[in-house]
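What follows is a single structure, written as structure tokens, with notes after it.
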Amino acid sequence: MTASPADAGSRRPGPAPGGPPQPGPGAPAPGGVARAWWIAVALVAVAVALRIVVAVAAPGGLGAPVRVAGVLAPLVGLIAAIAPGLATRRGRRPLGAASLSAPAALGALGAGGLLVDVTLLVDPVSAARPDVLVGGTSPWPAGLAAALVAGDVALLAAATVATTALVALARRAGPSVFGTQRGSALLRPVGGALVVAAGLAAAPFTVDGPGTGFAPHAVLDTPPPAGAGTALLAATVVVLALLPGARALAGVPGEPRRGVPTAADEAGMRVRRAVHTALGAGVVAGVAPVLVASVARAGLAVSPGAVLVAAGGLLLIGVPARTAVLRSRAAGVAALLAATAALFGALLPTLSGVSGAAGSPLQTGTGILLLPAAVVLAVPALLVVVGTPRVVVRARPTLSVAWLTVPFAAGPALDVVLAGVDGGDTPAAVLDPGAGLAGAPGAGVGVGTGGWAVLAALVLAVLTAVLAAGAGFAERRDVAGGRATPGTPLGARPADGTDTVEPDPTMLPLAAVAAVLAVPGFGGPLARDALAAGAAGGAWQNPGAAAWGSLAGVVGVAVAALLAPRARPARALALLGAAGALLVVRLSALVLTPPRPGESVGIGTWAAVACLVVALAAAGVAIMRIREASGPARGEPPVG
């Protein structure tokens, strides 16, 4: 059994059975710890600001995706460094070991980064940094190199300040400030750290074309100081991943496991999660610009080493999954990432290459439906990530359906990507709907930046579905076992833990009609299919990825409609709202794609509109049930 985050966040320092001893008279004043935290955070912010300046001011044609990654990636590390402290202050608890551990862990990466960045100052040719250098022989301004080095020094200073405060806490209040440590909790993060170390030992990217000037090497072949810095980074990641459980691994007895987590258990969990999350975020932030440069820049390709580093960094991150609310927030973060990737997939070129006869770049518009899909997914994701627990548990069912907007909208773009890379004789008219050159093949066709973004959006959408489903199971488990926070409306089950929920007699026929109408609504043609042929044509006319996307739409709307009558009214409203949003994305092809002369409205349009109307009517029934349930609380007499 686990304690809810509300319970953990609302604790005040005080004697607790089985908890850590409270600081004595000689303990450091809370103001000293807070001052150290503010200084460490300020130093991390300085380092992040310097890296953003370098990403924006780097000379040469790096490309917009590379510069965007260079701006956003450092912000990820900053958020991971300050999040534990901000959460502690929001819970009105004094800053402690967990708050200081995050900037200390992130700042420790500055030692290896310093040696790597010094190479840009002394020998840019051997740096092999496609995220900041146009080519392997490109000159590099000394001022920008000095800015990177200064940022690494700031990170080291942040680590020094935070570590000094941690040592002072341990000396004056005892090692119990780090809470109960369990070696079993290190399996996943230490495994991720070893994967990161293996990836750092390999080449950071692959040279896939002439003229780049880059010659990446494995860490053993890279001359110092860059080679020594990479080796130091790998060692630092592994050591820091092990550090939170050092006492447990050394055999120091901890608190016994009980039915109810103690204050020491909660403190240990917060420290471990702060260290591993900051460490994983720092690793991902460091490799993300290199990955983007490997994909977006001509002549380069993604290296297995970089993929290992990114995967290991994600394994390191401590996902807060102890309760249903925190699991739901993790699903919301994945949904936000999926929506961002979908946005890039809609705006960036899906393919790279030219139309053979005209010699002009391929212009594919098949990802245009990802624009409304990104909006539909981002709205509930934001509510889940930043909302109160009451909002989170009511918006979470929306993610269980809204994620299907991504595979539905990405189907046409995925068909074009597969056709473009399948062979060199694919007619350009298939790849570029606006070319009109049916006999001309596409030349030099490859996956563009938008195509990779589409693939990333699909993977993240599936991850959202898995996390949202896990949050739903945890939600029902918490309520059925009596572990929900008092006053928080968790779970779709009744308070006694039973599964019996009688279907709403008014909503049930409406839901059944909506489920039936979803089949022609997604399977029939809209009759406007110039740019989004797959999505507008329906599953019956366009076999391939677009057809599977349409089938996903049918399943999503049908399942949401049939589950709504058996759900609590608030969750029924969330399910029906997500189903309606999926239908809106389907119908948006009428607006986002230009009509052709002589077209008429197809059966898919009429069926989708009718399905949307019926779903909205069922949602209206859910709203009436919510008002009826809240009537006695407002002093109104109960209905019936």
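Between Pro84 and Ala274 the shortest heavy-atom distance is CG-CB, 3.8 Å. Closest of all the heavy-atom pairs between Val554 and Ala518 is CG2-O, 3.5 Å. Summarising the geometry of Ala574 relative to Thr398, their closest heavy-atom pair is CB-OG1, 3.3 Å, with the distance given to 0.1 Å. Taking all atoms of both residues into account, the shortest heavy-atom contact from Ala607 to Gly521 is CB-N, 3.5 Å. Between Ala572 and Ala564 the shortest heavy-atom distance is CB-O, 3.3 Å. The two residues Leu575 and Pro397 come nearest to each other via the heavy atoms CD2-O, 3.8 Å.
Applying the side-chain contact (heavy atoms from CB on, under 4.5 Å) test to Ala619 and every residue at least two apart in sequence or in another chain returns Leu573, Leu576. Every residue two or more places apart in sequence or in another chain that forms a side-chain contact (heavy atoms from CB on, under 4.5 Å) with Val513 is listed here: Leu517, Val614. Among residues two or more places apart in sequence or in another chain, the side-chain contact (heavy atoms from CB on, under 4.5 Å) test is passed with Val384 by Ser328, Val392, Ala395, Leu399. The side-chain contact (heavy atoms from CB on, under 4.5 Å) search around Val375 returns Val379, not counting sequence neighbours.
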What verdict does the side chain to side chain contact (heavy atoms under 4.5 Å, CB included) test give for Val557 and Phe522, after you've listed the backbone C-alpha separation in whole Å, the side-chain angles of each residue and the deciding distance to 0.1 Å? CA-CA 10 Å; Val557 173; Phe522 284 90; 3.7 Å; yes
As a quick check of understanding, evaluate side chain to side chain contact (heavy atoms under 4.5 Å, CB included) for Thr506 and Arg625, giving each step before the final call. CA-CA 10 Å; Thr506 306; Arg625 297 293 180 260; 3.3 Å; yes
List the steps and the verdict of side chain to side chain contact (heavy atoms under 4.5 Å, CB included) for Leu587 and Val609. CA-CA 8 Å; Leu587 292 170; Val609 171; 4.0 Å; yes
Using the side chain to side chain contact (heavy atoms under 4.5 Å, CB included) rule, take Val584 and Val376 through it: C-alpha gap first, then chi angles, then the decisive distance, then the call. CA-CA 9 Å; Val584 169; Val376 165; 5.8 Å; no
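Side-chain contact between Leu369 and Ser588 is present, with at least one heavy-atom pair separated by less than 4.5 Å. No side-chain heavy atom of Leu308 sits under 4.5 Å from any side-chain heavy atom of Val196. Val559 places none of its side-chain heavy atoms less than 4.5 Å from the side chain of Val401. Val621 is listed as a side-chain neighbour of Leu510, based on a closest heavy-atom distance under 4.5 Å. Contact of the Leu314 side chain with the Ile317 side chain is registered, since non-hydrogen atoms from C-beta on lie closer than 4.5 Å. Side chains of Leu370 and Leu343 form no contact here, defined as non-hydrogen atoms less than 4.5 Å apart. Using a 4.5 Å heavy-atom threshold, the side chains of Pro189 and Leu315 count as separate.
The CG atom of Leu337 lies 8.0 Å from the OG1 atom of Thr464; values are rounded to the nearest 0.5 Å. Between the CZ atom of Arg627 and the CE atom of Met624 there is a distance of 9.5 Å, given to the nearest 0.5 Å.
In this structure, the side chain of Arg394 does not engage the main chain of Arg571 through any donor-acceptor pair within 3.5 Å. Checked by atom type and distance alone, the side chain of Arg329 pairs as donor or acceptor with a backbone atom of Val385 at under 3.5 Å.
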Which donor-acceptor pairs under 3.5 Å do side chains of residues 402-412 form with protein atoms, sequence neighbours excluded?
from   : atom 1 : to     : atom 2 : distance (Å)
Trp403 : NE1    : Ser400 : O      : 3.0
Thr405 : OG1    : Ala402 : O      : 2.7

Show which side-chain atoms of residues 453-460 pair as donor or acceptor with protein atoms under 3.5 Å away, not counting sequence neighbours.
none

